[in-house]
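A quick write-up on the structure given underneath.
Keep in mind that what you see is a predicted model, and the values were worked out from it rather than measured.
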Amino acid sequence: MIIGYDAKRIVRNGTGLGNYGRTLVNDLAALDEFELRLYAPDNGITQLRSQIVGRENVAFRYPSHARTAIGKALWRSGGIVKQLMKDGVQIYHGLSGELPKGISDSGIRSVVTIHDLIFLRHPEYYNKVDVKLYTRKFRQTLLEADRIVAISECTRRDICELGGIDKSRIDVVYQSCAPRFTEEPEASKMWQVREKYVLPDRYVLSVGSIEERKNMLLAVRALHHLPDDVSLVIVGRQTPYSDQIHEYILEHRMHSRVQMLHNVADDDLPSLYRMADCFVYPSRYEGFGIPVIEAISQRLPVVACTGSCLEEAGGPDSIYVDPDNEQDMAHAISQVLYGAPGRQQRIEAGRQYIRRFEGNDAARRIASIYQQLL
């Protein structure tokens, strides 16, 4: 069976969507049941592309004629269908919420993974042009797809409500984190990372794009109610919201307690997790929240916010607070710092809970969808 994939995010995106695609493809390749063809508009970033494990049943495919940005976009949005047919692809999987126009008429069966509908649920976090573009792509994809994969029950509910889709067309398949987050970093690596980023002795960690929806100011404000020796380390892509946080830090003279790290090397992340006291994820809305799984895999207790799907990711032994209550956030963090009663029990219970997200389970669920389609 030959399966084709939209691999644009695999070769270009270093975070969420890219990690999802790379992890899933590697896990499916290891099953050794399919020929996997990864269709990308170009080579992308070598460091990301090289995270796809070299196997005989995996190969990249690129457009033969598209050279300009417009040409590559047109190829990916529809022109790719002819290439898929020529290559004998039987199923095409859009890994990031999109399918090429016309695939439903080509005889190729299609699957699409939809991660979230935040642009419809909370359009205030996007500009109006992007909301219109994303909405049009979403509607078109629903018309093309044979099966829809949602990464959480929360996302499935949103697809049904906002897309008018019967839930019988949707399979919920939870994400798994990359294997490197399940392995304990070596002591020498952790020391190297601590020196490289000049990390504080004791810190709370958060990982994710530093944007308004992620609500990171809540965690910063919570520091006012925590011991002075507890710092906050924020790892993520810089955005204009980062400037708001920086201004708050300067105004309240918190520069010694808050550290924002951008462009962190991928292989440094497990060490950053492992050396932290706990993990906070104050996001107002997520499709799933894979950093929560990564943190628990690295033996961290988690504090997150209510309002979306984070309870699905973190399980009943993580702590969830109102996204507008800094005192509740501080109290929750104090309950999971080193030395807090029950901290270790929370960690072990969390690790038991996330076993449901381990790689081969997700891969086998997706493989079963493929087999049922044919």
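Between Tyr62 and Phe60, the ring planes lie parallel to each other; the angle is under 30°, not in the 30° to 60° tilted range. Ring geometry, Phe279 versus Tyr273: the interplanar angle falls from 30° to 60°, so the pair is classed tilted. Note on ring orientation: taking the six-membered ring where Trp is involved, the planes of Tyr39 and Trp75 are tilted (angle from 30° to 60°).
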Kindly indicate, with the supporting measurements, whether the criterion side-chain hydrogen bond (donor to acceptor under 3.5 Å, both in side chains) is fulfilled by Glu144 and Gln140. CA-CA 6 Å; Glu144 300 283 355; Gln140 179 64 39; 2.8 Å; yes
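Between Ser110 atom OG and Gln90 atom CD the span is 14.0 Å, to the nearest 0.5 Å. The OG atom of Ser231 sits 10.5 Å away from the OH atom of Tyr203 when rounded to the nearest 0.5 Å. Atom CG of residue Leu300 and atom CZ of residue Arg343 lie 7.0 Å apart, to the nearest 0.5 angstrom. A distance of 12.0 Å separates CZ of Phe138 from CG of Leu99, quoted to the nearest 0.5 Å. To the nearest 0.5 Å, atoms CG (Asn215) and CD1 (Ile210) are separated by 13.0 Å.
Heavy atoms of other residues, nucleotides or ligands lying less than 6.0 angstrom from CD of Glu124 number more than 12.
No side-chain heavy atom of Val303 sits under 4.5 Å from any side-chain heavy atom of Gln335.
A salt bridge is absent between Arg37 and Asp87: the closest approach of a Lys/Arg side-chain nitrogen to an acidic carboxylate oxygen does not fall below 4.0 angstrom. Look at Arg299 and Glu184 and you find no salt bridge, because none of the NZ, NE, NH1 or NH2 atoms lies under 4.0 Å from a carboxylate O. The pair Glu183-Arg180 does not count as a salt bridge, with every side-chain nitrogen at least 4.0 angstrom from each carboxylate oxygen. Ion pairing between Asp268 and Lys189 holds under the 4.0 Å rule for side-chain N and carboxylate O. A salt bridge links Arg76 and Glu98; the closest N-O separation between the charged side-chain nitrogens and carboxylate oxygens is under 4.0 Å. A salt bridge does not link Arg346 to Asp317: none of the charged side-chain nitrogens sits closer than 4.0 Å to a carboxylate oxygen. Taking 4.0 Å as the cut-off between side-chain N and carboxylate O, Arg121 and Glu161 count as a salt-bridged pair. With respect to the salt-bridge test (charged N to carboxylate O, under 4.0 angstrom), the residues Asp361 and Arg355 do not qualify.
The closest side-chain donor-acceptor pair between Lys214 and Tyr281 falls under 3.5 angstrom. Side-chain contact of Glu348 with Gln344: a donor-acceptor pair under 3.5 Å is present, judged by distance alone.
Under the 4.5 Å side-chain heavy-atom criterion for ILVMFWY residues, a single connected hydrophobic cluster contains both Val172 and Leu310. A continuous path of Ile, Leu, Val, Met, Phe, Trp and Tyr side chains, each step under 4.5 Å between heavy atoms, connects Tyr5 with Leu373, placing both in one hydrophobic cluster.
When all heavy atoms are compared, the tightest approach of Val11 to Arg49 is CG1-CG, 4.1 Å.
A side chain to side chain donor-acceptor pair (under 3.5 Å) with Glu326 is found for one member of His331, Arg221, His224 and no other, namely Arg221.
In this structure, Arg22 fails the cation-pi test against Tyr20, since its NZ or CZ atom is not both closer than 6.0 Å to the six-membered ring centre and inside 45 degrees of the ring normal.
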